[in-house]
Amino acid sequence: MFRRREPVPFAFLAEADRFRSNVTPPPRERASFGQLAGRWLLGLTIVAALMGSLVIGMPALSLDHSAAQTPRSQASDHR
């Protein structure tokens, strides 16, 4: 197997999977009341829109049995 004789610069990058930082990230900011209310309102609006489209679309999805039993006109019965 080929091996380099010179040291590899930045050899510490090879051990990056084992590296752990001792610097903790800053804590996340808590969402304000307005932001929480806005998220809830947006979610409720999306759910209401989906439910409304389902309610409006249900008649179009139902089978229409009256179309098969439509009365024929007298002109089509006369030969």
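Interatomic distance, Arg30 CZ to Leu36 CG, rounded to the nearest 0.5 Å: 8.5 Å. Rounded to the nearest 0.5 angstrom, Gln35 CD and Glu29 CD are separated by 8.0 Å.
When the side chains of ILVMFWY residues are joined at heavy-atom separations under 4.5 Å, either directly or via intervening members, Leu50 and Leu42 end up in a single hydrophobic cluster.
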